[in-house]
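Counting convention: from 1, in listed order, for ligands and their atoms alike. For clarity, every value in this text was computed on a predicted model and none was experimentally measured.
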Amino acid sequence: MEIVFYHPSEPVEPWIAGMHKRLPGAHLRAWLPGDSLPADYALVWHPPVEMLAGRRGLKGLFALGAGVDALMQTLRLHPRMLAENVPLLRLEDTGMAEQMVEYVLAAVLRYYRRLDEYYLYQRQGSWRELALNDKRGFIIGVAGAGVLGQKVACTLAGRGFPVRCWSLSRKSIPQVASFAGDEQLPDFLSGLQVLVNLLPNTPRTEGILDGELFARLNRGAFVINVARGAHLVEADLLAALARGQIAAATLDVCREEPLPPGHPFWRTPRITLTPHIAAVTIPSLAMDSIAENIRRIEAGVPPLGLVDRAQGY
Ligand code: NAP
Ligand code: GLV
């Protein structure tokens with residue numbers, strides 16, 4: 001079995017050994033320009049068009065992450081790059097949900113426990129107590145109730161926060177109020193103190209975090225964007241922060257990554273930036289899941305993590 005691999009920054013060696021260990025008959029090679037030799041499977045992150053264009057005989061294309069927006073965008077530009085019948089698969093959880101839960105919980109608790117205000121008082125040499133926020137009024141909305149969003153929502157609900165989620169289809173999650181579809185978006189947003197974005201980036205969700213949406217949140221709400229930079233209209237966030245409509249934002253993702261030097265986000269004190277690390281791919285767990293999926297495909301069993309190309313996620 002031939003597996004071809006492309007990742008712009010991950011070293012290939014652990015993948016060669018790791019996939020061989022999990023699938024003894026498998027031979028994995030790094031794709032290099034000009035390589036059009038046959039392959040049964042491709043494992044990719046942000047692959048060049050040339051790697052996939054015209055490739056025949058692929059039995060599965062595995063994205064080495066949860067979000068497939070970059071691949072979908074390339075497919076929209078080059079529709080013939082991948083035959084319709086080749087399954088496109090993504091990583092579901094594989095260690096990312098726990099990381100995402102930790103990241104979002106840390107950001108929520110920081111805002112709920114008013115830690116930024118205490119850090120400021122410390123710098124001012126001021127020993128001063130602030131009122132404890134009322135947890136019952138600290139309503140948290142998780143946009144995107146998929147593999148990651150559901151775990152985040154459940155954890156926050158388990159900590160005693162009132163939690164809502166928003167998705168395309170209605171969910172039944174204990175202690176989490178479910179809102180579905182565009183028509184329920186205003187009700188989902190109304191009264192939120194914290195908005196966590198865990199939507200996939202698709203043509204329907206791009207730019208969803210805009211001024212109109214911010215205006216529907218509580219005045220002084222917090223925004224945590226851990227999905228994609230393309231969801232956010234950056235100028236609208238800066239304006240909402242300046243007006244006090246949004247009190248602070250935690251952004252793990254940006255439209256342009258790395259964030260360019262001189263970008264206003266670098267010097268906006270109420271924006272906290274991290275370099276797209278909220279939930280990273282853990283190679284050993286990703287390989288376990290990919291190997292299991294290859295076994296399924298080889299056995300004629302439907303694979304897990306199949307992307308709906310029409311929906312874009
Ligand atoms: P997922 O399982 O596909 O969940 C997506 C959720 O969004 C689903 O609940 C889906 O609704 C909902 N949704 C999609 N389009 C919608 C729309 N137009 N309106 C309302 N809801 C919509 O994805 P996931 O594995 O949880 O990952 C979510 C995203 O997190 C990824 O796409 C990726 O961009 C991002 N991510 C970021 C990091 C990081 O380090 N920052 C790491 C991993 C992933 P249904 O349930 O009804 O289908
Ligand atoms: C990371 O952002 C991913 O989509 O896995």
Side-chain angles (χ1 to χ4, degrees), residues 7-10 43-46 62-73 88-104 106-107 141-155 163-173 176 178-189 195-209 213 223-232 249-255 257-259 272-283 285-286 289-290 304-313:
H7 194 292
S9 54
E10 276 277 316
L43 276 47
V44 299
W45 194 243
H46 294 205
F62 288 89
L64 296 172
V68 290
D69 50 329
L71 255 179
M72 290 306 306
Q73 195 163 356
L88 169 56
L89 304 124
R90 68 184 195 95
L91 294 179
E92 287 190 327
D93 190 345
T94 60
M96 281 186 267
E98 188 182 345
Q99 298 173 66
M100 197 55 95
V101 163
E102 290 165 354
Y103 185 101
V104 173
V142 181
V147 173
L148 303 179
Q150 287 201 27
K151 290 235 168 107
V152 167
C154 285
T155 302
V163 180
R164 301 174 184 167
C165 68
W166 182 63
S167 44
L168 273 184
S169 56
R170 187 170 294 284
K171 307 292 175 204
S172 176
I173 309 171
V176 176
S178 165
F179 294 74
D182 292 342
E183 58 293 348
Q184 292 200 335
L185 182 59
D187 289 343
F188 164 74
L189 297 169
L195 176 68
V196 178
N197 179 35
L198 266 168
L199 289 164
N201 174 31
T202 68
R204 281 179 72 175
T205 63
E206 182 175 355
I208 191 167
L209 303 180
L213 178 144
V223 172
I224 300 171
N225 187 17
V226 275
R228 286 292 184 262
H231 287 126
L232 177 66
T250 294
L251 308 177
D252 182 53
V253 286
C254 295
R255 267 184 191 265
E257 296 179 0
L259 189 69
T272 298
L273 292 170
T274 49
H276 201 142
I277 48 69
V280 300
T281 296
I282 299 174
L285 299 182
S289 147
I290 292 168
L304 306 171
L306 197 57
V307 173
D308 179 338
R309 287 210 225 169
Q311 291 278 18
Y313 71 97

**Asked** Any sub-3.5 Å donor-acceptor pair from Glu92's side-chain atoms to Val147's backbone N or O?
**Response** no

Under 3.5 Å between some N or O of ligand 2 and some N or O of His276? yes

Q: Count the heavy atoms belonging to other residues, nucleotides or ligands that lie under 6.0 Å from CD of Gln184, then report whether that count exceeds 12.
A: yes

Could you check Tyr313 against Thr205 for side-chain hydrogen bond (donor to acceptor under 3.5 Å, both in side chains), going step by step and ending with a plain yes or no? CA-CA 11 Å; Tyr313 71 97; Thr205 63; over 6 Å; no

Nearest heavy atom to atom 4 (O) of ligand 2, choosing from Ala63, Ala286, Gly67, belongs to Gly67

So is there a nitrogen or oxygen of Ala66 less than 3.5 Å from a nitrogen or oxygen in ligand 2? yes

Residues, nucleotides or ligands: over 12 heavy atoms within 6.0 Å of Glu257 CD: yes

Within the heavy-atom cut-off of under 4.0 Å, ligand 1 is lined by Ala66, Gly67, Arg90, Met96, Met100, Gly144, Ala145, Gly146, Val147, Leu148, Gly149, Trp166, Ser167, Leu168, Ser169, Lys171, Leu198, Leu199, Pro200, Arg204, Thr205, Val226, Ala227, Arg228, Asp252, Val253, His276, Ala278, Ala279, Tyr313

Hits for side-chain contact (heavy atoms from CB on, under 4.5 Å) against Glu206, two or more places apart or cross-chain, chain-then-number order -> Asn201, Ala230, Arg255

When every non-hydrogen atom of Ala107 is compared with those of Ile224, the smallest separation belongs to CB-CD1, 3.7 Å

| task | Flag the pair Thr94 / Ile282 as yes when at least one side-chain heavy-atom distance between them is below 4.5 Å, and no otherwise. | result | no

Has Arg90 got any heavy atom lying under 4.0 angstrom from an atom of ligand 2?
-> no

message = Walk me through whether Leu168 and Arg204 qualify under side-chain contact (heavy atoms from CB on, under 4.5 Å).
response = CA-CA 11 Å; Leu168 273 184; Arg204 281 179 72 175; 3.6 Å; yes

Within-cut-off N or O pair, Met96 and ligand 2, under 3.5 Å:
no

Quiz prompt | Any donor-acceptor pair under 3.5 Å from Ser167 side chain to Ser169 backbone | solution = yes

Quiz prompt | Arg228-ligand 2 polar pair, N/O distance under 3.5 Å | solution = yes

Counting from 1 in the order shown, the ligand 2 atoms closer than 4.0 Å to a non-hydrogen atom of Gly65 are 5 (O)

